[in-house]
Amino acid sequence: HAGDPGITDKTVKIGVSAPLTGPVAAVGAVSEGIRTKVAAVNAAGGVKMGDGKTRTIELVIQDDGIDPQRTLSNVRKMSEQSDVFAFVGISGTPNNQAIGKYVEQKKIPNLFMYSGVQELPEGPNWMIGLVPSFTTEAAAFAEYLKANKAEAKVALLFLNTETGLTFKAAFADALKGSRLQVV
């Protein structure tokens, strides 16, 4: 409704904190995809909201360099100074974990998180993922291999992080009872 943070009679303001620089700047392309979609929606007249009004989307994008503390700082700034209604497409499990308590306390939606962790303990009522969980992804790869390469030897390269270890454990679990070998 108009009057809610980030919503006027004509606009709704959405925030994105993304790694536009740094070691995974390529992931920042997610924000460019969001910018492109928002431009198309606005060019088509905006988005019709639950109160029956059509609004254009104002997008605020800030660089976090995939640093969770910069993400938290950006989110606070966009909430408290730019008055955004919601966040969208924030990348990285640690980054979304860093903002979980904040978005929960402030009741700010964090939509389409770009993180494959199934459940984040902080902010569960205000955070919705986009990508399949690492467990789901690992199971899909395992099912493909079981159906198409039932006796294969598989080399698994993974990051020695929570992300990589979660995928590795889920993949091993999904292969149980098969003739596939991880080498």
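Reckoned from all heavy atoms, side chains included, excluding hydrogens, waters and symmetry mates.
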[X] and [Y]: which non-hydrogen atoms are nearest, and at how many Å?
X	Y	result
Asn42	Thr56	OD1-CA, 3.3 Å
Thr11	Arg55	O-CD, 3.5 Å
Val75	Val103	CG1-CG1, 4.4 Å
Arg70	Asp63	NH2-O, 3.2 Å

Between Val183 and Leu180, is there shared hydrophobic-cluster membership here, with clusters defined by ILVMFWY side-chain heavy atoms closer than 4.5 Å?
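Different hydrophobic clusters.
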Do Lys13 side-chain atoms and Ser82 backbone N/O form a donor-acceptor pair below 3.5 Å?
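Side chain of Lys13 to backbone of Ser82, a donor-acceptor pair under 3.5 Å: yes, one is there.
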Donor-acceptor contact present, side-chain Thr36 to main-chain Glu32, <3.5 Å:
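Present.
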Kindly indicate, with the supporting measurements, whether the criterion side-chain contact (heavy atoms from CB on, under 4.5 Å) is fulfilled by Phe158 and Phe134.
CA-CA 12 Å; Phe158 63 94; Phe134 297 128; over 6 Å; no
Go through Ile34 and Phe112 one step at a time and tell me if the side-chain contact (heavy atoms from CB on, under 4.5 Å) criterion holds.
CA-CA 11 Å; Ile34 293 167; Phe112 313 122; over 6 Å; no
For the side-chain hydrogen bond (donor to acceptor under 3.5 Å, both in side chains) test, which of Thr71, Asn74, Thr21 pairs with Asp64?
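So the option named by the test is Thr71.
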Take Glu104 and Lys101, measure what salt bridge (Lys or Arg N to Asp or Glu O under 4.0 Å) needs, and give me the verdict at the end.
CA-CA 5 Å; Glu104 186 76 18; Lys101 275 186 186 173; over 6 Å; no
Inspect the surroundings of OH in Tyr102 and state if more than 12 heavy atoms from other residues, nucleotides or ligands are less than 6.0 Å away.
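Counting neighbours around OH of Tyr102, more than 12 heavy atoms of other residues, nucleotides or ligands fall under 6.0 Å, so yes.
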Let me confirm one number: the CD1-CD1 distance from Ile61 to Ile14, rounded to the nearest 0.5 Å.
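Spacing of CD1 (Ile61) from CD1 (Ile14) equals 11.5 Å.
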